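Read through the structure below, which is laid out as structure tokens, and then see the notes.
Whatever order the structure lists ligands and atoms in, that order sets their numbers, starting from 1. FYI, the numbering just counts along the sequence from 1. Remember, it's a predicted structure, so these values are computed and weren't measured experimentally.
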Amino acid sequence: MNIKRSEHIATAVNPEGYPISELPEIAMVGRSNVGKSSLINFLTQRKSLARVGNTPGKTRVINFFSVEDKLMLVDLPGYGYAKVSEGEKRRWQKIIETYLNSRSRLCGIIMLVDIRHKPTQHDIIMYRWIVSMGKPHIVVATKADKISRAHYDRHIKEIRNTLNMAPGVPVVPVSVTKKTGFMEVWSEIEKTVPGIDITGKKED
Ligand SMILES: Nc1nc2c(ncn2[C@@H]2O[C@H](COP(=O)(O)OP(=O)(O)O)[C@@H](O)[C@H]2O)c(=O)[nH]1
Ligand SMILES: [Mg+2]
């Protein structure tokens, strides 16, 4: 399948800067450098719609990207980057929390964790908070090319246990370099947003 149309719509730090739009939104949440921007490029089949590999911790803004004029993917600032001041950390936290708490068309959240590593304390706190919001969510395990397929199960189990995930919530391994997990993530997004059909595979 091909995504025909995707576009950078807005960059914002606070609600005044959020775009005026009716599109349902899916937000990417995760540590700095985990692969949020890469996942957006992967899902939109664009090389550099979202900027990848900035100096970690430099993305202090929210970026909104429309897909097929049907959906907005939202790239939130990464948390957990050590080399910034406490004040700076609080500012980021506020940007993320304000968005997640106030955005009424937020339909679902994709929480990203690196498939190689046990989720950190920051991840655990963030995940608990996502669960408590009661919005649909999935976990994407990024950089799946960095481990062998034979080890997927073990790593996914560790992620599930550490985050204390309910059995019904999927963990989807994704590698943007090997281009695996594309349909799986889109299909989860389609389940999350009522009536949306990006892949053309949904039956109605
Ligand atoms: N090998 C590999 N590298 C990845 C993958 N996804 C992201 N990266 C790399 O991880 C780094 C951080 O990615 P980025 O998307 O900027 O992370 P962000 O800070 O969460 O937006 C970049 O160097 C990416 O090229 C993946 O699936 N496989
Ligand atoms: Mg990024």
Parallel, tilted or perpendicular for His151 and His155, by the 30°/60° rule? tilted
Residue Lys135 excluded, over 12 heavy atoms near NZ under 6.0 Å: yes
Out of Asn33, Val34, Val140, Ile115, whose heavy atom sits nearest atom 12 (C) of ligand 1? Asn33
Ligand 1 versus Asp145, non-hydrogen atoms closer than 4.0 Å: side chain, backbone, both, neither? side chain
Find all atoms of ligand 1 within a distance of less than 4.0 Å from any non-hydrogen atom belonging to Ser175, and give their numbers and elements. 27 (O)
Less than 3.5 Å between some nitrogen or oxygen of Gly35 and one of ligand 1, yes or no? yes
Within ligand 1, which atoms have a heavy atom of Lys36 less than 4.0 Å away? 15 (O), 17 (O), 18 (P), 19 (O), 20 (O), 21 (O)
Does any N or O of ligand 1 fall below 3.5 Å from an N or O anywhere on Arg51, backbone included? no
Arg31 side chain to Val113 main-chain N or O, any donor-acceptor pair under 3.5 Å? no
Leu39 N/O to ligand 1 N/O under 3.5 Å: no
Just to be sure I'm reading this right: ignoring hydrogens, which of Ile40, Thr142, Val52, Asn63 gets closest to atom 25 (O) of ligand 1? Compare them by their nearest heavy atoms. Val52
Do Met183 and Ile26 belong together in a cluster built from hydrophobic side chains that touch within less than 4.5 Å? yes
Any atoms of ligand 1 less than 4.0 Å from a non-hydrogen atom of Ser37? List them with their elements. 15 (O), 21 (O)
Ile125 reachable from Trp129 in the ILVMFWY side-chain graph, under 4.5 Å edges: no
Do other residues, nucleotides or ligands put more than 12 heavy atoms under 6.0 Å from the CZ atom of Arg5? no
Backbone or side chain, does Ser37 get an N/O/S atom under 2.8 Å to the Mg ion (ligand 2)? yes
Name the orientation class of the two ring planes belonging to Tyr18 and Phe64 (parallel below 30°, tilted from 30 to 60°, perpendicular beyond 60°). tilted
Counting from 1 in the order shown, the ligand 1 atoms closer than 4.0 Å to a non-hydrogen atom of Ser38 are 6 (N), 7 (C), 13 (O), 14 (P), 15 (O), 24 (C)
Side-chain donor-acceptor pair under 3.5 Å between Glu190 and Thr199, yes or no? yes
For Arg31, the ligand 1 atoms with a heavy-atom partner under 4.0 Å come out as 20 (O)
